[in-house]
There are 2 protein chains.
Amino acid sequence: MYTIGQVSEWFHLPVSTLRYYDKEGLFPTMERQSGIRKFGERELEALRVIECLKQSGLEIKEIRQFMQWCVEGPSTYEARLMLFEARRRAVEDEMARLQKTLDMLRFKCWYYGVAVRDGNEDRLHELLPDRLPPEIQKFYDNAHAPDAAADREKAI
Amino acid sequence: MYTIGQVSEWFHLPVSTLRYYDKEGLFPTMERQSGIRKFGERELEALRVIECLKQSGLEIKEIRQFMQWCVEGPSTYEARLMLFEARRRAVEDEMARLQKTLDMLRFKCWYYGVAVRDGNEDRLHELLPDRLPPEIQKFYDNAHAPDAAADREKAI
DNA sequence: ATAACACCTAAACCTGACTTTATGTCAAGA
DNA sequence: TCTTGACATAAAGTCAGGTTTAGGTGTTAT
């Protein structure tokens with residue numbers, strides 16, 4: 001059993017944040033000894049899951065819902081599974097979007113690399129948008145392609 | 001030259017957001033015809049870059065700085081290059097973090113898949129933390145590994 | 001000519017996720 | 001004893017990134 005200060009150090013989270021999470025109901029079964037929070041293994045794993053769910057784009061109140069399901073027992077396994085599957089899809093989508101972002105950034109790095117060497121953008125403007133070096137063209141194309149969300153919208 | 005309404009539709013951005021971006025100085029050279037904004041190719045490319053820089057984690061005021069550099073001309077090529085290179089590194093780091101998140105989510109999906117089938121977590125608790133199926137073990141290990149930031153911190 | 005739109009501004013408002021402040025309790029060391 | 005440090009609470013404050021509201025202009029369709 002650990003104090004809030006120890007947990008704060010291990011997880012690199014301010015004490016105030018841990019108290020805030022507690023107030024928001026993210027540790028529904030945490031114990032206290034004469035008013036003082038006692039973090040156990042359950043709470044440490046909760047923190048790992050909180051980090052993961054936050055990174056996956058979930059809001060605090062939705063994480064509270066998940067923690068509540070954990071308290072309610074086996075009847076909520078299916079809801080929890082569906083939550084994690086939805087999050088997995090969300091993160092996969094997000095990574096695809098980031099890949100597109102990365103292609104734009106790589107294109108811009110190449111572009112300004114040339115601009116710095118040339119001292120102007122004249123040659124670059126002659127190359128755009130479809131006389132680019134092949135290894136750069138694909139960054140440009142991917143970065144300027146309409147995104148998947150727009151495609152889905154049209155498909156409906 | 002396009003109106004704010006057209007651009008709003010093409011980019012799936014509320015008109016209010018486009019006006020907000022303008023107020024924040026993200027279109028420093030946008031023209032007006034009797035008070036009405038005229039979006040040209042320059043502004044459309046700006047919007048693509050804004051989307052990219054936002055996704056890469058930049059704040060609005062830093063994007064304004066970039067747009068200002070674009071107005072200032074060739075003397076800022078190097079600054080712009082350095083900005084894009086820093087963003088590329090940031091997005092690469094973010095993708096690594098998301099990969100870890102994804103491994104946690106895959107582990108949890110597997111975990112609750114088993115829990116749903118078994119109706120309990122008994123068998124799962126016997127398998128944890130190191131008697132997991134090999135293809136799952138690697139998700140668990142990666143998801144529970146200390147992150148790169150913590151590693152760097154220790155290395156200093 | 002009047003209603004419906006699309007545009008405009010300034011300023012107030014909203015949300016989520018913290019953080020800070022003010023105040024207090026309690027145990028250990030000088 | 002007294003002060004230092006870690007813990008506690010409630011309530012107010014902060015910040016980014018918009019969104020909404022209130023009030024106005026200008027052009028087009030009926």
Side-chain angles (χ1 to χ4, degrees), chain A residues 1-40 43-44 46-68 87 90 94 97 101 149, chain B residues 1-28 30-40 43-44 46-67 87 90 94 97 101 149:
Chain A
M1 297 288 227
Y2 316 102
T3 67
I4 201 168
Q6 291 175 298
V7 175
S8 162
E9 281 195 24
W10 294 341
F11 283 82
H12 308 287
L13 289 172
V15 166
S16 62
T17 301
L18 293 171
R19 289 206 263 253
Y20 165 69
Y21 286 171
D22 187 24
K23 201 177 52 163
E24 292 299 305
L26 267 43
F27 310 117
T29 64
M30 188 160 57
E31 291 174 25
R32 302 235 180 172
Q33 273 174 22
S34 52
I36 294 189
R37 292 175 181 82
K38 288 291 157 188
F39 288 74
E43 282 70 37
L44 301 190
L47 274 170
R48 279 175 218 115
V49 172
I50 287 165
E51 208 170 324
C52 164
L53 291 178
K54 255 168 49 77
Q55 175 88 5
S56 86
L58 227 61
E59 291 178 14
I60 297 291
K61 60 187 168 193
E62 304 176 279
I63 300 178
R64 168 173 50 217
Q65 168 71 278
F66 171 74
M67 295 303 172
Q68 199 47 53
R87 285 300 98 195
E94 173 69 5
R97 236 171 306 129
T101 296
Chain B
M1 297 289 224
Y2 314 103
T3 67
I4 200 169
Q6 291 174 298
V7 176
S8 162
E9 281 194 26
W10 295 340
F11 284 81
H12 307 288
L13 289 173
V15 165
S16 63
T17 300
L18 293 172
R19 288 205 263 251
Y20 166 69
Y21 286 171
D22 187 24
K23 198 176 52 163
E24 291 301 304
L26 267 43
F27 308 117
M30 188 160 58
E31 293 174 25
R32 302 236 182 173
Q33 273 173 22
S34 52
I36 295 191
R37 290 174 184 84
K38 289 291 156 188
F39 288 74
E43 281 70 37
L44 301 190
L47 274 169
R48 278 175 217 114
V49 173
I50 288 165
E51 207 169 326
C52 166
L53 291 177
K54 256 168 48 79
Q55 176 87 4
S56 87
L58 224 63
E59 290 177 16
I60 297 292
K61 60 188 170 196
E62 303 175 280
I63 300 177
R64 168 174 50 216
Q65 168 71 277
F66 171 75
M67 294 302 171
R87 286 299 97 197
E94 173 69 5
R97 236 171 307 129
T101 296

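Chain naming here is simple, since letters A, B, ... match the order of the sequence lines and numbering starts at 1 in each. Computed from a predicted structure; not experimentally measured.
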Task: Taking every non-hydrogen atom, the tightest pair across A/Met1 and A/Gly40 - done: SD-CA, 3.9 Å
TODO: Measure the distance from CG on A/Leu53 to C1' on C/dA17 and round it to the nearest whole Å.
DONE: 16 Å
Open item on the list: I need the residues from residues 56-65 of chain A with at least one non-hydrogen atom less than 4.0 Å from DNA chain D; give them sorted by number, or say none.
Closed with: none
- [ ] Count the heavy atoms of every other residue, nucleotide or ligand shown that sit under 6.0 Å from CD of B/Glu31, and state whether that count exceeds 12.
- [x] no
Task: Length of the CD-C1' vector between B/Glu9 and C/dA6, whole Å - done: 12 Å
Open item on the list: If I compare all heavy atoms of B/Ile60 with all of B/Tyr21, which pair ends up nearest, and what's the gap?
Closed with: CD1-CE2, 3.9 Å
Task: Step-by-step side-chain contact (heavy atoms from CB on, under 4.5 Å) determination, B/Arg37 to B/Asp22 - done: CA-CA 9 Å; B/Arg37 290 174 184 84; B/Asp22 187 24; 2.7 Å; yes
TODO: Assess the side chains of A/Glu94 and B/Gln55: does a donor N or O sit below 3.5 Å from an acceptor N or O?
DONE: yes
Task: N/O donor-acceptor pair under 3.5 Å between B/Arg64 side chain and B/Glu24 backbone - done: yes
Task: Distance-minimising heavy-atom pair for A/Leu26 and A/Ala46 - done: O-CB, 4.4 Å
Task: Near-strand residues of residues 17-40 of chain A, defined as heavy-atom separation under 4.0 angstrom from DNA chain C - done: A/Thr17, A/Tyr20, A/Tyr21
- [ ] Using the closest heavy atom to pick a nucleotide of DNA chain D for each, name whichever of A/Gln6 or B/Lys54 lands nearer the 5' end.
- [x] A/Gln6
Task: Residue pair B/Phe66 / B/Val49: nearest heavy atoms and the distance that separates them - done: CE2-CG1, 3.8 Å
- [ ] State whether A/Ser16 places a side-chain N or O below 4.0 Å from either non-bridging phosphate oxygen (OP1 or OP2) of C/dT20.
- [x] no
